[in-house]
Amino acid sequence: MASASAPTTLSILKSTTASSTTTRRARASLLPLSSSRRRLGFAATNPLFNLYVAPVIRSGKFSRAVVSMAKRSVGELTATDLKGKKVFVRADLNVPLDDSQNITDDTRIRAAIPTIKHLIQNGAKVILSSHLGRPKGVTPKFSLAPLVPRLSELLGIQVVKADDCIGPEVEKSVASLPEGGVLLLENVRFYKEEEKNDPEFAKNLASLADLYVNDAFGTAHRAHASTEGVTKFLKPSVAGFLLQKELDYLVGAVSSPKRPFAAIVGGSKVSSKIGVIESLLEKCDILLLGGGMIFTFYKAQGLSVGSSLVEEDKLNLATSLLEKAKAKGVSLLLPTDVVIADKFAPDANSKVVPSSAIPEGWMGLDIGPDSIKTFNEALETTQTVIWNGPMGVFEFDKFAVGTEAIAKKLADLSANGVTTIIGGGDSVAAVEKVGVAEKMSHISTGGGASLELLEGKELPGVLALEEATPVAV
């Protein structure tokens with residue numbers, strides 16, 4: 001392996017001429033807004049459409065081709081379809097709880113509210129389903145009971161809680177549910193049949209309702225009874241507003257981005273992001289890498305990495321990714337300096353060194369100030385940015401500077417009209433920690449689901465839903 005004095009930085013940007021032409025064509029081929037409403041199944045006067053979906057269409061963030069592949073949406077269902085009907089809603093209410101069973105972050109609950117409100121405002125009887133944690137059988141600490149007060153507060157009605165998710169008592173609760181009412185079922189993962197996608201369990205869940213809405217993007221990559229199995233017994237089966245919004249951004253904006261398009265990928269291991277990096281190399285103009293994975297790339301170039309995290313079996317892969325980026329004309333930027341520490345701890349001694357000069361016994365835990373400056377300058381040229389994974393060990397304040405700097409830069413770019421997408425996982429925690437979450441164009445509620453969608457994989461929970469009515473293109 002040849003030695004080098006500095007890590008490779010590929011800085012050849014794709015020509016913007018072709019990209020601009022592509023963007024203009026994409027915008028020119030957008031459906032008229034009224035047609036888009038019909039295509040996605042929204043009534044022209046639907047306030048939730050106007051609030052959550054129409055701005056995305058108007059902005060030109062996805063082309064006619066992307067609009068034409070949308071799933072049938074809950075927005076298509078009006079009072080005629082919903083009044084008096086029992087609707088099984090699979091939401092992702094898997095929120096963190098403290099030791100006293102208090103919700104510490106209600107983001108996922110708030111994200112589910114628009115779909116539930118649309119249903120109850122149109123006279124539906126909502127049967128709300130979710131999982132919480134990873135219980136092994138009935139586990140009291142994973143009960144959904146602590147969610148009832150916050151759900152009730154946000155919906156403005158008293159949510160009723162069932163003690164189970166199937167069975168005679170649940171059936172009685174459903175039967176007594178008034179129009180516009182909400183019944184929260186107990187944790188579906190209290191039954192092992194949920195994750196096994198057991199047909200009989202799915203049938204029992206489906207027997208409670210007349211139709212199905214999946215708004216649980218965070219579990220859409222799993223073929224479970226409540227996300228995929230029930231669709232075999234309930235028609236129509238449609239996407240909720242949140243699920244549709246995730247598809248609009250993670251598929252639409254990424255497939256037909258305003259250019260230049262940058263992707264920022266971080267995290268500790270190359271192995272966990274291989275699919276994402278390979279997929280994004282097919283789409284992006286600029287790729288910025290950070291986090292622990294960068295040391296595998298450095299070592300692949302013959303650099304000393306001290307005691308930094310390295311995946312020895314991924315050295316050839318790192319080399320091939322660098323070569324692939326160069327061949328495709330993607331500007332792949334690795335940090336030129338890093339913050340190193342003498343141990344993995346929040347109180348470790350630390351210093352900034354060039355990426356090519358990490359001494360033995362020291363480990364890299366964050367990107368350095370020069371790298372932050374270079375990354376920010378690259379991002380300044382963009383029109384679309386997607387970010388997945390931290391730049392360092394941001395759980396330790398001393399090594400959170402790089403991650404926080406990226407979060408602040410994306411907030412600034414958002415204010416200037418750049419589309420900024422936070423692709424789930426630790427990146428979401430980072431923008432929330434910095435207090436700029438509300439400034440981003442979109443923050444994905446999915447972890448594994450976001451990654452799989454960015455990798456180009458099909459999600460079982462999405463595939464199971466009905467296709468929207470095709471429009472001639």
Side-chain angles (χ1 to χ4, degrees), residues 11 13-28 30 51-63 66 245-266 276 279-290 329-333 367 371-391 402-428 430-445 450 453-454:
S11 58
L13 284 172
K14 288 181 178 177
S15 167
T16 56
T17 305
S19 298
S20 298
T21 302
T22 301
T23 302
R24 286 197 298 272
R25 286 174 181 167
R27 287 177 179 169
L30 283 172
L51 179 61
Y52 291 98
V53 182
V56 181
I57 296 175
R58 289 194 190 98
S59 70
K61 290 172 186 167
F62 53 71
S63 68
V66 174
K245 185 169 183 255
E246 294 276 13
L247 297 176
D248 290 344
Y249 275 97
L250 294 180
V251 176
V254 172
S255 297
S256 302
K258 291 191 291 183
R259 295 187 182 275
F261 170 34
I264 309 167
V265 180
V276 173
S279 178
L280 289 172
L281 279 175
E282 300 291 336
K283 305 176 180 74
C284 69
D285 305 295
I286 303 168
L287 177 61
L288 310 180
L289 298 182
V330 175
S331 178
L332 192 157
L333 301 180
I367 64 174
S371 300
I372 292 172
K373 182 174 182 292
T374 301
F375 282 15
N376 283 348
E377 289 172 351
L379 292 170
E380 193 65 43
T381 69
T382 63
Q383 287 299 310
T384 304
V385 182
I386 185 162
W387 180 22
N388 183 283
M391 297 293 97
T403 300
E404 292 178 1
I406 293 295
K408 291 173 183 175
K409 182 61 180 179
L410 294 192
D412 292 341
L413 292 173
S414 291
N416 292 324
V418 175
T419 300
T420 53
I421 305 166
I422 311 303
D426 289 337
S427 302
V428 176
V431 296
E432 289 174 346
K433 179 182 177 183
V434 179
V436 295
E438 297 299 323
K439 297 183 180 180
M440 304 301 169
S441 304
H442 178 64
I443 294 181
S444 179
T445 57
S450 301
L453 202 56
L454 290 175

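Note that the structure is a prediction, hence the values are computed from the model and not measured.
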Any side-chain heavy-atom pair from Ile406 and Leu379 closer than 4.5 angstrom?
-> yes

Check for a donor-acceptor pair, side chain of Thr382 on one end and backbone N or O of Phe261 on the other, with a separation under 3.5 Å.
-> no

Are Ile286 and Thr381 close enough, and set up right, to give a side chain to side chain contact (heavy atoms under 4.5 Å, CB included), and what steps lead you there?
-> CA-CA 10 Å; Ile286 303 168; Thr381 69; 3.6 Å; yes

Under 3.5 Å: donor-acceptor pair, side chain of Asp426, backbone of Pro390 | no

Measure from the side-chain N and O atoms of Ser279 to the backbone N and O of Val276, and report whether any donor-acceptor pair falls under 3.5 Å.
-> no

Heavy-atom check, side chain of Ser441 versus side chain of Tyr249, under 4.5 Å = yes

Straight-line distance of Ile386 CD1 to Leu410 CG, nearest 0.5 Å | 11.0 Å

Can you list the steps and then say if Phe375 with Ile264 is a side chain to side chain contact (heavy atoms under 4.5 Å, CB included)?
-> CA-CA 9 Å; Phe375 282 15; Ile264 309 167; 5.7 Å; no

Straight-line distance of Ile421 CD1 to Ser427 OG, nearest 0.5 Å | 12.5 Å

Does a sphere of radius 6.0 Å around NZ in Lys439 hold more than 12 heavy atoms from other residues, nucleotides or ligands, not counting ones at 6.0 Å or beyond?
-> no

Taking all heavy atoms of Lys283 and all of Val254, pick out the closest pair and write down the distance.
-> CD-CG1, 3.6 Å

Criterion side chain to side chain donor-acceptor pair (under 3.5 Å) on Thr420 and Ser414, from CA distance to verdict = CA-CA 6 Å; Thr420 53; Ser414 291; 2.4 Å; yes

From Arg259 CZ over to Thr384 OG1, what is the distance, rounded to the nearest 0.5 angstrom?
-> 8.5 Å

Atom CD1 of Ile443 and atom OG of Ser450: how far apart are they, to the nearest 0.5 Å?
-> 11.5 Å

Do you know the tightest heavy-atom contact between Val434 and Ala407?
-> CG2-CB, 4.1 Å

Rounded to the nearest 0.5 angstrom, the CD1-CD1 distance for Ile367 and Ile372 is 5.0 Å

So CE of Met391 and CG of Leu288: to nearest 0.5 Å the spacing works out to 7.5 Å

